[in-house]
Colleague: 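First the structure, then my questions, so here it is.
Residues take their numbers from the sequence shown, with the count starting at 1. As the structure lists them, so they are numbered: ligands from 1, and atoms in each ligand from 1.
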Amino acid sequence: MKQALATVIANEQIARGIFILRLEEPDQARDVKPGQFVHLRCGTSFDPLLRRPLSVLRTGANQRNCLPSSQYEVLYEVVGRGTDLLSHLRPGDLLDVLGPLGRPFQIDRATRHLLLVGGGVGIVPLVALAEEAIRHDLSVTLLCGFRTSARAFPSDRLPPEVEYVVVTDDGSAGHRGVVTELVHVYLAWADQVCACGPVPMLRALAALERPRHLPFSIAMEERMGCAMGVCLGCVVPTRHGLQRVCRDGPVFGLDEIRWT
Ligand SMILES: Cc1cc2nc3c(=O)[nH]c(=O)nc-3n(C[C@H](O)[C@H](O)[C@H](O)COP(=O)(O)OP(=O)(O)OC[C@H]3O[C@@H](n4cnc5c(N)ncnc54)[C@H](O)[C@@H]3O)c2cc1C
Ligand code: FES
């Protein structure tokens with residue numbers, strides 16, 4: 001983990017209010033693992049006071065994409081003051097970034113078929129994980145739900161080997177409905193599942209009938225203060241008591257979390 005001034009290489013709007021920010025910081029690009037996040041100081045003043053956490057989408061260190069090895073990308077949706085400030089960054093600007101932080105996803109040695117399940121911007125750490133899995137010759141299916149086609153993650157930013165199944169609430173792209181309705185179709189095929197998305201989606205996954213020993217991990221999102229395990233602002237109830245999403249997570253076993 002390092003605090004560094006990363007250089008903005010690009011900040012591209014890929015859909016309304018959704019941006020991909022490409023940063024150059026060689027150590028962070030080299031060290032980040034799928035599921036980890038960076039903590040960004042969005043403004044130059046004390047407003048907002050707190051940094052904002054974003055998962056890493058892709059790193060050039062992975063060699064499964066066209067990024068230079070010294071660069072990595074985050075994807076963010078503009079939802080408030082911090083992300084709005086990020087949307088005004090221009091190439092050449094410097095950004096104070098702490099990271100990489102948190103526990104990454106782990107692909108089991110025995111896994112050959114990896115099922116990824118995302119909801120909205122929850123797709124971000126799963127893209128990084130898909131690239132890593134393809135590099136290790138795994139078969140990867142990525143199911144992801146979005147509100148409409150306009151908010152869907154573009155397929156050309158994924159490795160072509162990934163089977164990408166889009167679900168939209170309004171049926172404007174892919175299957176109509178919610179992503180959790182499709183998961184059971186792939187459960188017999190998968191020997192590991194990883195997911196990230198809004199809490200109602202994760203709760204629905206926890207309630208699904210599934211093979212008892214199927215490894216199933218999730219990346220959680222909580223509002224964060226320090227992101228260093230100190231302030232306890234990000235705790236979630238688990239079977240081992242309260243755990244910090246920033247330090248003990250963001251990746252947890254699906255059944256580790258107490259969903260009630
Ligand atoms: C580990 C982690 C990884 C994340 N990765 C991504 C990512 O890859 N892309 C992305 O777009 N967002 C991601 N988020 C969420 C992102 O951090 C928030 O959207 C961002 O901090 C909002 O800052 P803001 O100042 O723009 O909005 P604020 O003004 O702080 O909040 C605006 C609205 O967003 C809600 N909100 C803020 N933070 C969160 C949160 N952590 N979880 C749920 N709702 C929140 C608030 O309740 C409020 O309604 C991640 C969060 C965590 C904890
Ligand atoms: S954000 Fe401070 S302990 Fe997690």
Colleague: Of the protein's non-hydrogen atoms, which lies at the shortest distance from atom 48 (C) of ligand 1, and what is that distance?
Modeller: Arg223 NH1, 4.4 Å
Colleague: At a threshold of 2.8 Å, where the distance has to be below it, does atom 4 (Fe) of ligand 2 have an N, O or S atom of Cys226 nearby?
Modeller: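 False for Cys226.
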Colleague: Should you measure from each heavy atom of Cys246, which atoms of ligand 2 turn up under 4.0 Å away?
Modeller: 1 (S), 3 (S), 4 (Fe)
Colleague: Identify, for atom 16 (C) of ligand 1, the protein heavy atom at the shortest distance, and state residue, atom and that distance.
Modeller: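 Answer, as residue, atom name and distance: Pro53 O, 3.5 Å.
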Colleague: Can you tell me the protein heavy atom closest to atom 43 (C) of ligand 1 and the distance?
Modeller: Glu221 OE1, 4.8 Å
Colleague: In the protein, what heavy atom is nearest to atom 18 (C) of ligand 1, and what distance, to one decimal place, separates them?
Modeller: Val79 CG2, 4.6 Å
Colleague: Distance to 0.1 Å, residue and atom name: give those for the protein heavy atom nearest to atom 7 (C) of ligand 1.
Modeller: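 Here the closest protein heavy atom is Leu75 O, 3.5 Å.
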Colleague: Which value, rounded to the nearest 0.5 Å, describes the distance between Ser55 atom OG and Phe37 atom CZ?
Modeller: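 Here the interatomic distance stands at 8.0 Å.
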Colleague: With atoms numbered from 1 as shown, which atoms in ligand 1 lie under 4.0 angstrom from a non-hydrogen atom of Leu54?
Modeller: 4 (C), 5 (N), 6 (C), 7 (C), 9 (N), 10 (C), 12 (N), 13 (C)
Colleague: First locate atom CD of Gln28, then atom CD of Gln71, and finally report the distance between them rounded to the nearest 0.5 Å.
Modeller: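 Gln28 atom CD to Gln71 atom CD measures 13.0 Å (nearest 0.5 Å).
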Colleague: Just to be sure I'm reading this right: ignoring hydrogens, which of Pro250, Ala227, Gly233 gets closest to atom 1 (S) of ligand 2? Compare them by their nearest heavy atoms.
Modeller: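 Considering heavy atoms of Pro250, Ala227, Gly233, the nearest to atom 1 (S) of ligand 2 sits in Ala227.
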Colleague: Tell me whether Cys231 has at least one N, O or S atom under 2.8 Å from atom 4 (Fe) of ligand 2.
Modeller: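 No, outside the cut-off.
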Colleague: Return the residue, atom name and 0.1 Å-rounded distance of the protein heavy atom closest to atom 41 (N) of ligand 1.
Modeller: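 Its nearest protein heavy-atom neighbour is Glu222 O, 3.1 Å.
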Colleague: Checking a contact table here: which protein heavy atom is nearest atom 26 (O) of ligand 1, and how many Å away?
Modeller: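 Sorting protein heavy atoms by distance from atom 26 (O) of ligand 1 puts Thr83 OG1, 2.4 Å first.
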Colleague: Which residue and non-hydrogen atom of the protein lie closest to atom 21 (O) of ligand 1, and at what distance in Å?
Modeller: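 Looking only at protein heavy atoms, the one closest to atom 21 (O) of ligand 1 is Arg52 CD, 3.2 Å.
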